[in-house]
Amino acid sequence: MDARRAEGEVRFEKVRKVFGTNLVVRELDLLIRGGEFLSLLGPSGCGKTTSLRMLAGLEFPTSGTISIGGRVVNEVAPGARDVAMVFQSYALYPHMTVAENIAYPLKKRGVPRAEREERVKRAAESLHLTELLPRKPRQLSGGQQQRVALGRALVRDPRVFLLDEPLSNLDAKLRAHMRAELIELHQRVGRTFVYVTHDQLEAMTMSDRIAVMHEGVLQQVGTPSEVYNRPANLFVAGFIGAPTMNLLRGRAENGAFAHPAVRVGLSGHVTPDLVLGLRPEDIVVGEGPFESRIRLVEPHGHEQIAQLDIAGGDVLTIRADAALPLAAGETLRWGVRAARLHLFDAASGLRLDATCTAPQALAA
Amino acid sequence: MKRILGRVAFNLFAWTIVLVTAFPLVWMVITSVKPQFELFRIPPTFWPEQITFEHYARLLWETPFLLYMRNSLLLSTATTLLVVTVATLGAHSLVRFRYRGRERLAQLVLFTYLLPSVVLILPLYLMMVWIGVANSLLSLVIAYTTFALPYALWLLRSFMQGIPDDLENAALVDGATRMGAFFDVILPQALPGIISTSLFTFILSWNEYLYALVLVNTDEARPLTTGVMNMLISAFNIEWSLLMAASVMMSIPLIVIFAFLQKFLTRGFGAGGVKG
């Protein structure tokens, strides 16, 4: 099992990718452990798909090295890297049946016919595709096509699975179902999964670790909990979490973070210009030192999301229990869970190590 | 009421066009089976009083018609194979690979198509003489390729652009070589395009007249177009019945090919393994 893990280790070292004058990936250093489920998460155009395609061998890095299982693969053809890829469009071969699609990578590797059929059968069984084997891709639903694409990857038992937004063409219900199937599949095969997505929910629910990218730069790598609870900078703070984190710009004044609407005590070293990050779930509703007018309320069934107009012209998003009687136009008292707030340096955007102590009453 | 009138008018219009287009063809067939004495009768008969195949027999056994037919078949098939092979590979390259001047190259190809063939005939003839293939079927294959290839390249380029990149990428990751991916995945997808391009090229070569007239001057290499003209039309006389029989037989290969390939033309168009 350890050898199996070692051969699935992926390493990006100082990888850059330039298209014309466009810098798509800048100095990517990333170690993906063997057997790990790692998500590359970021908005479109952040370089995550390009990074994945470089790993697959479909793009060449402009500089830097990529290695799989300790071997540098920069010059290795895609087919010789022992990786399998699931495309966003599924990319099933339209003129082949499901069985032929799944058998194709085996055929190209010279696996004898009898073994091929056996392995296709097994892969199809594990993905509940057996009845669909004689069909053509166009006769399948989106979810079925998706499973065929997975089957085509699975049948080879590759060192690394590369998945490029594989769920984005499915409807919401099927997506939730496939997320569970993917987690299960990853546990069963024990191979490295590199999963590209712009959907933080997919990244949070499935990954062992998440690598957040933005504008070609790796922002943070960590477990879902690390990325959520200790975002490394303002981009990660704003990108992870739904509804998004409230970011309030203020100043350090007499050992406290000062904003026209919020005042929180600080301990530790801070810079003069600060950004305070408050997740909607870390705002206490109905009690506390602050008071603001409710701008609008969105009921979500199990909870309600409201926006408050706070002093200083900012808007604050809060989450509240569905039972609470909130109405637009009314004023609401609120406070914060100080220990769970985040502090960033406004100039560099980086997370500060300082902690918040307690909310302080505003000097009216 | 208005809708019915509109429909009737539309149908009348359509059928008029069909009749106008089809009449010369029908007349051609009818004339080819009329005996010689009935041809110039005034008033003309529409349905022949007597049906004869003597013109066909004469054409086949007493003239070099079959030789021309063989030349035309060889010529058109060879041109089609050459053009489609080169154009398929070329179009794939223009669509898939990134290299300097790729777009410019594609435009340049179209530009060559803008030149009237009359301008190119003499230089082409001189070049044929230089390389020593003048007055042969090969010279015509080369000449036809010069005008069929650019168009075929453009036709196929647009077909290839419709094939998603990911299909080829998937094949590459699955272990295929570039050529393997091309044969396994691209070619089957491009097949309708390849077939219509072949058809187009074949018809173009089959009907070509000008190059054949200028570049070839021997019965051994003459295709049907110039051969039939040369044989049946002289300054003093036009052999109408033979000409009509020849025209009918010249049309037959095209009709056969069309009938055979038509179903391939539409097949595969709507098929897609890709969603999105």
Side-chain angles (χ1 to χ4, degrees), chain A residues 19-20 52-53 55-59 77-98 100-111 135-146 148-149 152-153 155-156 158 160-162 164-165 168-170, chain B residues 88 92-105 156 158-196 261 263-276:
Chain A
F19 284 122
L52 191 78
R53 289 169 59 91
L55 181 51
L58 299 171
E59 302 282 356
R81 295 187 179 200
D82 200 11
V83 300
M85 187 154 172
V86 176
F87 292 82
Q88 182 174 6
S89 60
Y90 314 145
L92 301 180
Y93 310 126
H95 56 291
M96 299 185 196
T97 63
V98 169
E100 287 163 346
N101 262 283
I102 298 178
Y104 185 76
L106 298 179
K107 205 169 150 188
K108 285 287 134 182
R109 282 176 170 67
V111 176
R135 297 224 202 143
K136 290 278 176 71
R138 65 171 169 278
Q139 298 167 300
L140 305 181
S141 70
Q144 288 167 334
Q145 292 187 15
Q146 171 67 77
V148 176
R152 196 171 61 184
V155 76
R156 281 163 48 188
V160 184
F161 283 76
L162 308 176
D164 186 7
E165 310 227 10
S168 57
N169 285 336
L170 302 178
Chain B
T88 306
H92 182 246
S93 150
L94 283 177
V95 169
R96 281 296 179 271
F97 297 107
R98 289 192 214 110
Y99 44 86
R100 272 179 90 84
R102 182 177 64 141
E103 277 301 311
R104 189 58 43 82
L105 198 71
L156 278 169
S158 55
F159 265 101
M160 296 268 184
Q161 272 166 343
I163 303 172
D165 285 8
D166 276 355
L167 279 184
E168 195 180 354
N169 289 334
L172 289 178
V173 175
D174 279 348
T177 57
R178 274 263 171 215
M179 261 308 169
F182 180 76
F183 282 115
D184 292 347
V185 176
I186 301 297
L187 223 48
Q189 290 307 298
L191 203 59
I194 291 173
I195 288 174
S196 47
L261 290 183
K263 65 170 187 262
F264 289 98
L265 283 180
T266 44
R267 182 188 290 175
F269 272 118
V274 166
K275 206 186 170 198

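Any value given below was found using the heavy atoms of this structure, including those in side chains, with hydrogens, waters and symmetry copies removed. Chain identifiers are assigned alphabetically (A, B, ...) following the order of the sequence lines, protein sequences preceding nucleic acid strands; residue numbering begins at 1 within each chain.
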(request) Could you look at A:Ala84 and say if it's the side chain, the backbone, both or neither that has a heavy atom under 4.5 Å from chain B? (result) backbone

(message) Quick check on A:Glu100 against chain B: is it the side chain, the backbone, both or neither that has a heavy atom closer than 4.5 Å?
(response)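 The answer is neither part of A:Glu100.
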
(message) Does atom NZ (A:Lys136) have a neighbourhood of more than 12 heavy atoms from anything else shown, all under 6.0 Å?
(response)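 Counting neighbours around NZ of A:Lys136, more than 12 heavy atoms of other residues, nucleotides or ligands fall under 6.0 Å, so yes.
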
(request) Tell me, please, which residues at least two apart from A:Phe87 pass ring pair (Phe, Tyr, Trp, His ring centres under 6.0 Å). (result) none

(request) With sequence neighbours left out, write down each residue that passes ring pair (Phe, Tyr, Trp, His ring centres under 6.0 Å) with B:Tyr99, or none if nothing qualifies. (result)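 Applying ring pair (Phe, Tyr, Trp, His ring centres under 6.0 Å) to B:Tyr99 gives none.
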
How many angstroms lie between [atom1] in [X] and [atom2] in [Y], if you round to the nearest 0.5 Å?
X	Y	atom1	atom2	value
A:Tyr90	B:Leu167	OH	CG	14.0 Å
A:Lys108	B:Thr177	NZ	OG1	6.0 Å
B:Asp166	A:Asp164	CG	CG	7.5 Å

(message) Is B:Asp184 in contact with chain A via its backbone, its side chain, both, or neither, using a 4.5 Å heavy-atom distance?
(response)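 Contact with chain A is through both the backbone and side chain of B:Asp184.
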
(request) Please look at B:Arg178 and chain A and tell me whether the side chain, the backbone, both or neither of the residue comes under 4.5 angstrom of a heavy atom of that chain. (result) neither

Please report the closest heavy-atom contact between [X] and [Y], naming both atoms and the distance.
X	Y	answer
B:Gly175	A:Arg109	CA-NH1, 3.7 Å
B:Val173	A:Met85	CG1-N, 3.8 Å
B:Pro188	A:His95	CG-NE2, 3.3 Å
A:Tyr104	B:Ala176	OH-CB, 3.4 Å
B:Asn169	A:Arg53	ND2-NH1, 3.5 Å

(request) Against chain B, work out which of A:Ala77, A:Pro105, A:Gly79 has the most heavy-atom pairs shorter than 4.5 Å and name it. (result)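 Ranked by contacts with chain B, first place is A:Pro105.
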
